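Below: one structure, written as structure tokens.
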Amino acid sequence: MPKNFIYIKEIGALRLTAQGPCGSRGGAPLTGVTAKSPLQETLDQNVEQALRDGLRQSLAYSRAMTPEERAQMGLQEEGWEDALFGHLGVDLKNP
């Protein structure tokens, strides 16, 4: 007997939920669409801002290092920013 699951997908301020048995064909029916609460919106914005601030501080610290200091960390002279932060998907010229 398949177990039930709940799937939640957030798109902007909307939260979509679906539930049903695992392994069912045709997917699960959409069971609800709810808007995020103002508190959740504020929390999400605060978390995003904190992450961006942390990235800016880390990037500034790394940029202030000499090439020799970065080399001691195993970073190349060219392309070190992408090596450290490229996976984050942000514009490093304007984080």
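Numbers here simply count residues along the sequence, with the first being 1. Just so we're clear, the structure is a prediction, and the values are computed from it rather than from any experiment.
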Could I get the full list of side chain to side chain contact (heavy atoms under 4.5 Å, CB included) partners for Leu51, not counting sequence neighbours?
Val47
Tell me, please, which residues at least two apart from Asp82 pass side chain to side chain contact (heavy atoms under 4.5 Å, CB included).
Leu92
Heavy-atom distance under 4.5 Å between the side chains of Gln40 and Asp44, does that happen here?
yes
How about Gln57 and Asp53: does a side-chain donor come under 3.5 Å of a side-chain acceptor?
no
What distance do Arg52 atom CZ and Leu59 atom CG have between them, rounded to the nearest 0.5 Å?
12.0 Å
Show the atom names and distances, to 0.1 Å, of all donor-acceptor pairs under 3.5 Å that link a side chain in residues 70-80 to residues at least two apart or in another chain.
unit_1: Arg70; atom_1: NH1; unit_2: Ser62; atom_2: O; d: 3.0
unit_1: Arg70; atom_1: NH1; unit_2: Met65; atom_2: O; d: 2.7

